[in-house]
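These numbers were taken from a predicted model, which means no experiment stands behind them.
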Amino acid sequence: DLRSLGDAEHTRLTHWITRYKKWRDHIHGSEVWRGTGADSLRWLAFGQASTWLLFVYRPDYQRLRHMPDLRLPFAQDGARYAVSLLEPAERALGSFDGGWLHNQGLPIPEMKVETARVYGLVRSAVQ
């Protein structure tokens, strides 16, 4: 019953509903890629050639001391991508070469068990 939610839970639910409404066209009307990374990392990407939503989830404890980069096979060689962290806190992470993301990968910081991060990738014009 939504009426029984406290203020904090109501605010969090409102936040995720707003995010879903913003992202739903990507989630329901685009290409879907999924895969696994090193050390039990799971990922799911929704998007098209120019914009992608990347969900990264850690279902198990991290066993490696240093997390290897997450390779993204959907990234196009020769393209540049502006990468932002969208959840848990929104911030720009920089610009990455598509070939680098495809072959080397996106740096993923340490994640605790059963946590997720959401990234946005926007393809920029080649310069």
Do other residues, nucleotides or ligands put more than 12 heavy atoms under 6.0 Å from the CZ atom of R117?
yes
Around E87, counting heavy atoms of other residues, nucleotides and ligands shown, do more than 12 lie under 6.0 Å from its CD?
yes
Is a side-chain donor-acceptor pair under 3.5 Å present for R80 with S95?
yes
Assess whether side-chain contact (heavy atoms from CB on, under 4.5 Å) is satisfied between R123 and W52, documenting all intermediate values.
CA-CA 9 Å; R123 184 178 175 168; W52 291 89; over 6 Å; no
Does any part of the side chain of L106, heavy atoms only, come nearer than 4.5 Å to the side chain of V56, both counted from C-beta?
no
Rounded distance (nearest 0.5 Å) linking atom OH of Y119 with atom CG of L93:
6.5 Å
Report whether L44 and Y20 are members of the same hydrophobic cluster (ILVMFWY, side-chain heavy atoms less than 4.5 Å apart, transitive linking).
yes
Quick one: CZ on R42 to CG on D60, what's the gap to the nearest 0.5 Å?
8.5 Å
Would you say CH2 of W100 has more than 12 non-hydrogen atoms from neighbouring residues, nucleotides or ligands within 6.0 angstrom?
no
So which heavy atom on D77 is nearest to which on G99, and how close?
OD1-CA, 3.3 Å
Check the hydrophobic clustering (I, L, V, M, F, W, Y; side-chain heavy atoms under 4.5 Å; chains of links allowed) and say if L85 and F96 are grouped together.
yes
Shortest non-hydrogen contact from A38 toward P68:
CB-CG, 3.6 Å
Indicate yes or no: at least one non-hydrogen side-chain atom of L54 is less than 4.5 angstrom from one of V83.
no
Determine, stepwise, if the pair K21 / I17 fulfils side-chain contact (heavy atoms from CB on, under 4.5 Å).
CA-CA 6 Å; K21 286 180 178 180; I17 289 171; 3.9 Å; yes
Straight-line distance of E31 CD to Q48 CD, nearest 0.5 Å
8.0 Å
Please tell me whether V122 and F74 are part of a single hydrophobic cluster in this structure, the criterion being side-chain heavy atoms less than 4.5 Å apart.
no
Taking every non-hydrogen atom, the tightest pair across Q62 and D39
CG-OD2, 3.1 Å
For A92 and S84, which heavy atoms make the closest approach, and how far apart are they?
CA-OG, 3.9 Å
Going only through I, L, V, M, F, W and Y residues with side-chain contacts under 4.5 Å, is there a path from L70 to V118?
no
Roughly how far, to the nearest 0.5 Å, is the CD atom of E110 from the CG atom of L64?
11.0 Å
If you measure from CZ on F55 to CD1 on I27, what distance do you get to the nearest 0.5 Å?
4.5 Å
Would you name the heavy atoms of P88 and A116 that are closest together and state the gap between them?
CD-O, 4.5 Å
Could you measure the distance from the CH2 atom of W23 to the OG1 atom of T18? Nearest 0.5 Å is fine.
10.5 Å
Is it the case that over 12 heavy atoms from other parts of the model lie below 6.0 angstrom from the NE2 atom of H10?
no
What are the two closest heavy atoms between N103 and R71, and how far apart are they?
O-NE, 2.9 Å
M111, L72: one ILVMFWY side-chain cluster at the under-4.5 Å cut-off?
yes
Test item: P73 and H102 side chains (from C-beta on) under 4.5 Å apart, heavy atoms
yes
